[in-house]
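We count residues from 1, following the sequence as given.
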Amino acid sequence: MTDAPFVATQLDAVRVISINDAPYNRMSLAFMDELESEVEAIADDDATRAVVITGEGTENFSVGMNLKELGAGMAERGGPDAIFDQRLKVLGAIENMGKPWVATLYGYCLGGGLELPLACHFRVAAETGAQIGLPEADLGSVPAWGGSARLCKQVGSTNALDMILRAKKISGPEAFRIGLVNEVWPMDKLKDKAVALAQELAAAPRMTVRTMMNNLVHGDEKSLDELIRMEREAIHACNGTPDAKEGILAFLEKREPVFNQN
């Protein structure tokens with residue numbers, strides 16, 4: 001283990017980022033500084049087409065921000081807004097990057113440990129042992145990294161209010177039931193399944209992924225007419241690309257297509 005805030009590994013077209021502070025995997029100030037640079041690099045790297053965010057060890061994804069750093073961090077960086085604005089910027093960059101991010105939820109996924117996954121596009125949870133929530137009310141506070149807004153959009157106001165006002169921690173199966181996660185797996189398979197999902201997404205046609213993410217990440221905020229117009233633009237963007245030609249040829253030849261060759 002290194003002293004770096006996270007460990008990053010490249011698996012072909014998938015970047016795996018693992019918070020390096022087991023067993024709690026706190027999101028320190030240094031972690032967010034490094035993640036900000038990493039996110040910018042991934043956005044500019046055509047060879048990386050999907051990302052997995054996880055944590056070291058098998059006990060907890062993340063208990064969120066290291067609160068012991070907060071006082072000194074505010075003094076050093078000019079107040080709480082500077083800290084929270086950086087987090088909103090990084091999470092917004094992840095959400096709007098046009099490349100799919102997959103988060104693993106296991107053990108404690110609290111505060112920032114849920115807010116970061118909420119900015120990702122896919123979430124997979126452990127079948128047992130996960131405690132997922134935004135418990136800031138227990139500290140007399142509220143989520144500060146966009147968590148209340150993203151949770152509400154993801155699971156609806158009824159479920160969001162229930163979780164936030166009661167500082168409720170829910171399991172992986174319950175998160176699946178309310179639409180917070182896409183899949184639930186045994187812990188010993190969770191990280192491998194997250195990587196497999198990212199590899200599946202990375203293998204999808206590049207222009208299809210880019211245009212559909214652009215259209216649908218904030219699709220609930222757009223009118224039907226706007227979404228239909230954007231769909232037509234996506235059709236034109238995809239038509240005639242090497243991936244479109246490969247898809248049609250593979251269909252005619254009755255084989256699996258191999259996309260992203262060019």
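Residues meeting the side-chain contact (heavy atoms from CB on, under 4.5 Å) test with Thr241, sequence neighbours left out: Asp243, Ala244. Every residue meeting the side-chain contact (heavy atoms from CB on, under 4.5 Å) condition with Ala43, not counting sequence neighbours, appears here in chain and number order: Met97. When the side-chain contact (heavy atoms from CB on, under 4.5 Å) test is applied to Ala82, the partners found at least two apart in sequence or on another chain are Arg77. Residues that satisfy the side-chain contact (heavy atoms from CB on, under 4.5 Å) test with Asp85, not counting sequence neighbours, are Asp81, Leu88.
Not a single donor-acceptor pair under 3.5 Å links the side chain of Thr48 to the backbone N or O of Asp45. Panel note: side chain Asn60, backbone Gly107; no donor-acceptor pair is recorded below 3.5 Å. Looking at Lys191, its side chain never comes within 3.5 Å of a backbone N or O of Thr54 through a donor-acceptor pair. The closest donor-acceptor contact from the side chain of Asn159 to the backbone of Gly156 lies at 3.5 Å or more, if one exists at all. Not one N or O on the side chain of Ser141 forms a donor-acceptor pair closer than 3.5 Å with the backbone of Ala137. Of the possible donor and acceptor atoms, one in the side chain of Asp21 sits under 3.5 Å from a partner among the backbone N and O of Arg26.
Under the 4.5 angstrom side-chain criterion for Ile, Leu, Val, Met, Phe, Trp and Tyr, the cluster partners of Val63 are Tyr24, Tyr108, Leu110. Cluster partners of Leu252, using a side-chain heavy-atom cutoff of under 4.5 Å among ILVMFWY residues and allowing indirect links, are Ile248, Phe251.
For the pair Val209 and Gly98, the tightest heavy-atom approach, listed with the atom from each and the gap, is CG1-O, 4.1 Å. Residues Gly112 and Pro117 share a closest heavy-atom pair of O-CD, 4.1 Å. The heavy-atom pair separating Gly55 from Tyr106 by the smallest distance is O-OH, 2.8 Å. Taking each heavy atom of Ala130 and Gly172 in turn, the nearest pair found is CB-N, 4.0 Å. Scanning all heavy atoms of the two residues, the minimum distance from Ala160 to Val155 falls at N-CG2, 3.9 Å. Residues Val181 and Ala125 share a closest heavy-atom pair of CG1-CB, 4.0 Å.
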Can you check side chain to side chain donor-acceptor pair (under 3.5 Å) on Ser28 and Glu69, steps first, answer last? CA-CA 7 Å; Ser28 64; Glu69 292 184 324; 4.7 Å; no
Between Met32 and Arg87, is the side chain to side chain contact (heavy atoms under 4.5 Å, CB included) condition met? List the steps. CA-CA 7 Å; Met32 195 55 67; Arg87 282 150 177 74; 3.7 Å; yes
Give the C-alpha distance, both sets of side-chain angles, the deciding distance and a yes or no for side chain to side chain contact (heavy atoms under 4.5 Å, CB included) between Leu118 and Leu116. CA-CA 5 Å; Leu118 280 168; Leu116 175 53; over 6 Å; no
Please walk me through it: do Asn182 and Leu197 pass side chain to side chain contact (heavy atoms under 4.5 Å, CB included)? CA-CA 11 Å; Asn182 302 84; Leu197 174 56; 5.6 Å; no
Run the side chain to side chain contact (heavy atoms under 4.5 Å, CB included) test on Val184 and Val124 for me, step by step, so that the C-alpha distance in whole Å, both residues' side-chain angles and the decisive distance to 0.1 Å come before the verdict. CA-CA 6 Å; Val184 175; Val124 294; over 6 Å; no
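Applying the side-chain hydrogen bond (donor to acceptor under 3.5 Å, both in side chains) definition to pairs two or more places apart or across chains, those involving residues 161-179 are Asp162-Arg166, Asp162-Lys168, Glu174-Arg177. Applying the salt bridge (charged side-chain N to carboxylate O under 4.0 Å, His left out) test to pairs two or more places apart or on separate chains, those with a residue in residues 144-155 are Glu95-Arg150, Lys153-Glu221. Evaluation of the side-chain hydrogen bond (donor to acceptor under 3.5 Å, both in side chains) test over residues 121-137, restricted to residues two or more places apart or in two chains, returns Arg123-Gln154. Applying the salt bridge (charged side-chain N to carboxylate O under 4.0 Å, His left out) test to every pair with at least one member in residues 244-258, sequence neighbours left out, gives these pairs: Glu246-Arg255, Glu253-Arg255. Annotation: salt bridge (charged side-chain N to carboxylate O under 4.0 Å, His left out) contacts involving residues 181-190, sequence neighbours excluded, are absent. Among residue pairs with one or both ends in residues 230-240, those qualifying as side-chain hydrogen bond (donor to acceptor under 3.5 Å, both in side chains) are Arg229-Glu233; sequence neighbours excluded.
Residues Val52 and Trp101 fail the side-chain proximity criterion, which asks for heavy atoms closer than 4.5 Å. Using a 4.5 Å heavy-atom threshold, the side chains of Ser18 and Phe6 count as separate. A 4.5 Å side-chain heavy-atom check between Met230 and Lys222 finds at least one atom pair inside the cut-off. With a 4.5 Å cut-off on side-chain heavy atoms, Phe31 and Asp33 do not count as touching. Residues Asn66 and Leu29 have side chains not in contact (no heavy-atom distance under 4.5 Å, counting atoms from C-beta outward). In this structure, Ser62 and Ile19 have side chains that are in contact, with non-hydrogen atoms separated by less than 4.5 Å. Counting only heavy atoms from C-beta outward, the side chains of Val102 and Val195 never approach each other to under 4.5 Å. Glu115 places a side-chain heavy atom less than 4.5 Å from the side chain of Leu134.
Residues Met213 and Val14 do not share a hydrophobic cluster, clusters being chains of Ile/Leu/Val/Met/Phe/Trp/Tyr side chains in contact below 4.5 Å. Under the 4.5 Å side-chain heavy-atom criterion for Ile, Leu, Val, Met, Phe, Trp and Tyr, Ile53 and Leu11 are members of the same hydrophobic cluster. Note on Leu201 and Leu190: same hydrophobic cluster, where clusters join Ile, Leu, Val, Met, Phe, Trp and Tyr whose side-chain heavy atoms are under 4.5 Å apart, directly or indirectly. Cluster annotation: Phe122 is connected to Phe61 through the hydrophobic network of ILVMFWY side chains, with a link wherever side-chain heavy atoms come within less than 4.5 Å. Tracing side-chain contacts under 4.5 Å through hydrophobic residues (I, L, V, M, F, W, Y), one reaches Leu151 starting from Ile178; they form part of the same cluster.
The environment of Phe84 atom CZ is dense: over 12 non-hydrogen atoms of other residues, nucleotides or ligands sit within 6.0 angstrom.
Rounded to the nearest 0.5 angstrom, Thr9 OG1 and Ile17 CD1 are separated by 9.5 Å. Within the model, atoms SG of Cys238 and CZ of Arg206 stand 12.5 Å from one another, a figure rounded to the nearest 0.5 Å. Ile235 contributes atom CD1, which lies 9.5 Å from atom OG1 of Thr211 (distance to the nearest 0.5 angstrom). Here the CG-CE distance, from Leu67 to Met65, works out to 7.0 Å after rounding to the nearest 0.5 Å. The CE atom of Met212 lies 11.0 Å from the CE atom of Met207; values are rounded to the nearest 0.5 Å. Atom CG of Asn96 sits about 9.0 Å away from atom CG of Asn214, to the nearest 0.5 Å.
Between Arg15 and Glu38 there is a salt bridge, since at least one side-chain N of the basic residue sits less than 4.0 Å from a carboxylate O of the acidic one.
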